[in-house]
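Notes follow once the structure below has been shown.
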Amino acid sequence: MRRRDFLQNALVGGAAGTLLAGCGGPEGEQGPAVHTGRKVRWRMASSFPRSLDTIYGAAEVMAERVSAMTDGNFEIRVYSAGELVPGLEVMDAVQQGTVQIGQTASYYYIGKNPALAFDSCVPFGFVARQQAAWLLEGGGLDLVHEMFSDFDILTFPAGNTGVQMGGWFKPEVNSLEDLKGLKMRIPGMGGKVMEALGVATQTIAGGEIFPALERGAIDATEWVGPYDDEKLGFHKVAKNYYYPGWWEPGPSLSFYVHRGAWDSLPSGYQAIIRAACHEASVVMQTRYDEKNPPALQRILASGVQTRRFPDDLMLAAREASLQMLEDAAAKDPGYRKVYEAWKKFRSDSFAWFGVAELAYAQFSFSRE
Ligand code: CA
C-alpha cells in the first residue's frame, strides 16, 4: 500500500483527519481544511421583501449553510429589497461590486439583454423540473453564463415557485372576449401578451396591489400562488382565482456572484457556494409545495372560486407568446442562439413529460 493510500484509509477513524488536513497531505498536497480558515465577509442584496419568506427565506438558507460549512468563517449578510439597493437594481449592484452576491430573477433585466429571460422563464415555457434540467444538465446554464460574462457576473439557479396561479379577477372571464378592456396588474412578458389580447396592463409593486384592486383602479392582478397571495389578502376583494399562470410556469430564481469576488475565493469556498445554492433551491421549491396546499384550502373556505382560463384565451395567449419569441429571435442573433437551444430542449422535454407525468397527473390529481 502506498503511503498516501494508507493515510487516506486512516481518515475513516476521524481523529487523523484533523492532523492530515492541518499539515497538508503527503507529497506536498494541501488538505481540505487549509483554506477553510480564511475569513470572508460578503453582502447579499435580494430583490425580494422579507414577507416573501419562501423566496427571501432561500437566501437566508443559502447564507446559513455557507456559514455552517465554513465554521462561521465565510459570512454572508442578506439584505432585503431596498435596504442596500432597490429590488430591481440587484444586477447592477453585483456587476459594479457594490455587493458580492445578489438574489434575484433574470427576467427583470431583459432591458439589458432580452435573452436573459431564459434564465428564469418565458410564457408557455418550462415547468420547474424542466427548467432545472435545462439549466443544470441540458447546457442552458452554459449559454446563460456566456450572456452574463458581459456583465462580470456568474449565476447559480436559486429555486423555483412552481407553476404560478393566473391571479385574481373581480369579474369572471369566460372567453377571450371577456379580457378586452380589463385593467390588470401583470408585469413582464406576460403583460405584453395580455396587452396583445386587449388587456390594459399595469406594473404595480407588491405592497400597492391590494388597495388598487380594492378601490377598483384595477380589475385583476397576478402575484405568485396561494401561499404568497393569501398574505396580500386578495381573496378579500376578488372572488375568482384563475389558473394556470401560463406566463410563469416555472420561474427560476438566481444567485448572482460578482466575477472578481468569485475569483478571489479559495476553491473550497467556491464548492461550498455551489452546494449551498443547490440546497437553497430545493428548500424553496419544497416549501412552496408544502405551504401552497393548505393555503389554497383556506382561500377556498373564504368563498373564493378557482377557475380555469378558457381554452380560446389559452390558445390565443400561446400563439401570441410563441410569436413574440420568434420575433425576438429574428431580430437578434445572440437571442436566437439561446432560443434555438431552448426550443429544441422544450420540444424533447414536452414530448417526454406529455407521456407518463401528464397521464398520471391527469388521472390522479383530479380524483381527490
Ligand atoms: Ca407572478
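As a basis for the values below, the full set of heavy atoms in this structure was taken, side chains included, without hydrogen atoms, waters or symmetry mates. All values derive from a computational prediction rather than experimental measurement.
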*Taking the inter-plane angle between the rings of Phe365 and Tyr360 on a 0 to 90° scale, is it parallel (under 30°), tilted (30 to 60°) or perpendicular (over 60°)?*
perpendicular

*Counting only heavy atoms not in Lys337, do more than 12 sit closer than 6.0 Å to its NZ atom?*
no

*Just say parallel, tilted or perpendicular for the rings of Trp168 and Tyr241, cut-offs at 30° and 60°.*
parallel

_Do Tyr227 and Phe234 land in one hydrophobic cluster if side-chain heavy atoms of ILVMFWY residues count as linked below 4.5 Å?_
no

*asked:* If you define the side chain from C-beta out and look only at heavy atoms, does anything of Leu182 sit under 4.5 Å from Met184?
replied: no

*Glu83 with Arg43: basic N within carboxylate O range, under 4.0 Å*: no

*Looking only at side chains, do Gln103 and Tyr56 share a donor and an acceptor under 3.5 Å apart?*
no

*Check whether more than 12 heavy atoms from other residues, nucleotides or ligands sit under 6.0 Å from atom CZ of Arg50, and answer yes or no.*
yes

*ring-ring contact (aromatic ring centres under 6.0 Å, His included) with Tyr256: which of Phe148, Phe151, Trp262?*
Phe148

_Min side-chain heavy-atom separation Ile55-Tyr288 under 4.5 Å_ = yes

*Over 12 foreign heavy atoms within 6.0 Å of CD, Glu319*: no

*Is it true that Arg259 and Asp263 have a side-chain N and a carboxylate O under 4.0 angstrom from each other?*
yes

*For Tyr109, which residues count as a ring-ring contact (aromatic ring centres under 6.0 Å, His included) partner, sequence neighbours excluded?*
none

_Is there a path of hydrophobic side-chain contacts, each under 4.5 Å between heavy atoms, that joins Phe255 and Met284?_
no

*Honestly curious: do Phe126 and Val144 fall in one hydrophobic cluster under the side-chain, below-4.5 Å linking rule?*
yes

_Nearest-0.5 Å distance that lies between atom CZ in Phe363 and atom CG in Leu358_ = 13.5 Å

*Mark yes when over 12 heavy atoms from residues, nucleotides or ligands other than Lys180 sit less than 6.0 Å from its NZ; otherwise mark no.*
yes

*Under 6.0 Å from the CZ atom of Arg129, do we count more than 12 heavy atoms belonging to anything else shown?*
no

*Would you call Lys291-Glu230 a salt bridge at under 4.0 Å N-O?*
no

*Heavy-atom neighbours of Lys231 NZ exceed 12 at 6.0 Å*: yes

*Angle class for the Phe169/Phe309 ring planes (parallel below 30°, perpendicular above 60°, tilted otherwise)?*
perpendicular

*Between Tyr108 and Ser47, is a side-chain contact (heavy atoms from CB on, under 4.5 Å) present by the stated rule, with each step listed?*
CA-CA 10 Å; Tyr108 292 151; Ser47 287; 4.0 Å; yes

*In terms of side-chain heavy atoms, does Ser252 have a donor or acceptor partner in Gln131 at a distance below 3.5 Å?*
no

